Amino acid sequence: MQILSTICIAAIAAAMFKILVPENKFSKQISLLTAGVFLLVGITAFSGTKPDLDISAFEKEAEGKINDFSSEVNESLRNEICEKMEEKVRYLLAQNEIYPEQIHVIVNISGLYGIDITEIRIVLEEGEEETAKTAESLLKNELSENIKITVLTR
């Protein structure tokens with residue numbers, strides 16, 4: 001009995017859908033779509049399975065892909081900012097004949113349009129304490145005051 005009621009409801013829904021859609025150049029495509037839906041409901045009713053219309057699994061999967069893409073973009077942006085700032089710092093220091101072993105740029109990305117360079121750490125060779133002071137004062141004068149400058153010697 002449930003099979004017949006399912007088929008009758010599908011037939012009524014298909015007829016109402018056909019009545020609501022005006023006759024135009026898409027009438028053949030709409031008729032084909034309606035027949036396909038009716039056929040699917042009929043097959044589902046005869047096989048005894050219930051259609052699973054729970055889309056929560058698809059929503060979670062799509063949300064995960066968006067988050068993965070967002071984190072990849074953030075990481076790419078962070079790397080590019082670090083590279084460009086490192087180039088700038090190396091150039092500024094090279095003008096004063098200071099050649100650091102390592103430069104670490106710490107970047108914080110907080111939401112849309114929220115990119116902050118919070119700290120720059122420079123590592124010089126051992127015994128260059130005077131050069132470290134010079135490098136620190138040079139960078140503090142040339143870069144934003146919001147950026148913390150740390151110059152270390154090995």
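Residue numbers run from 1 in the order of the sequence given. All values derive from a computational prediction rather than experimental measurement.
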Find out whether L93 and P100 are in side-chain contact, i.e. whether some heavy atom of one side chain is under 4.5 Å from a heavy atom of the other. yes
4.5 Å side-chain heavy-atom contact, T118 and K148
no
*Taking 4.0 angstrom as the limit, do R90 and E86 come out as a salt bridge?*
yes
Is any side-chain heavy atom of I120 closer than 4.5 Å to one of T150? no
Are L143 and V107 linked, directly or through intermediate hydrophobic residues, by side-chain heavy-atom contacts shorter than 4.5 Å (ILVMFWY only)?
yes
Rounded to the nearest 0.5 angstrom, the SG-CD distance for C82 and E87 is 11.5 Å
Report task. Would you check if E136 and V151 make a side-chain contact, meaning some heavy-atom pair closer than 4.5 Å? Result -> yes
Applied to residues 91-107, the side chain to side chain donor-acceptor pair (under 3.5 Å) test, sequence neighbours excluded, yields Y91-Q95, E101-R154, Q102-H104
Between the CD1 atom in I98 and the CG atom in L124, the distance rounded to the nearest 0.5 Å is 7.5 Å
Q | Minimum side-chain heavy-atom gap I103-V123 below 4.5 Å | A | no
Tightest non-hydrogen contact, residues I149 and K140, listed as CG1-CG, 3.9 Å
If you define the side chain from C-beta out and look only at heavy atoms, does anything of V105 sit under 4.5 Å from I117? yes
Interatomic distance, CD@E126 vs CG@L152, rounded to 0.5 Å, equals 13.0 Å
Residues at least two apart in sequence or cross-chain that pass salt bridge (Lys or Arg N to Asp or Glu O under 4.0 Å) with E119, listed by chain then number, are R121
Rounded to the nearest 0.5 Å, the CD1 atom of I147 sits from the CG atom of D116 at a distance of 9.0 Å
Contacts of E128 meeting salt bridge (Lys or Arg N to Asp or Glu O under 4.0 Å) (sequence neighbours excluded), chain-then-number -> none
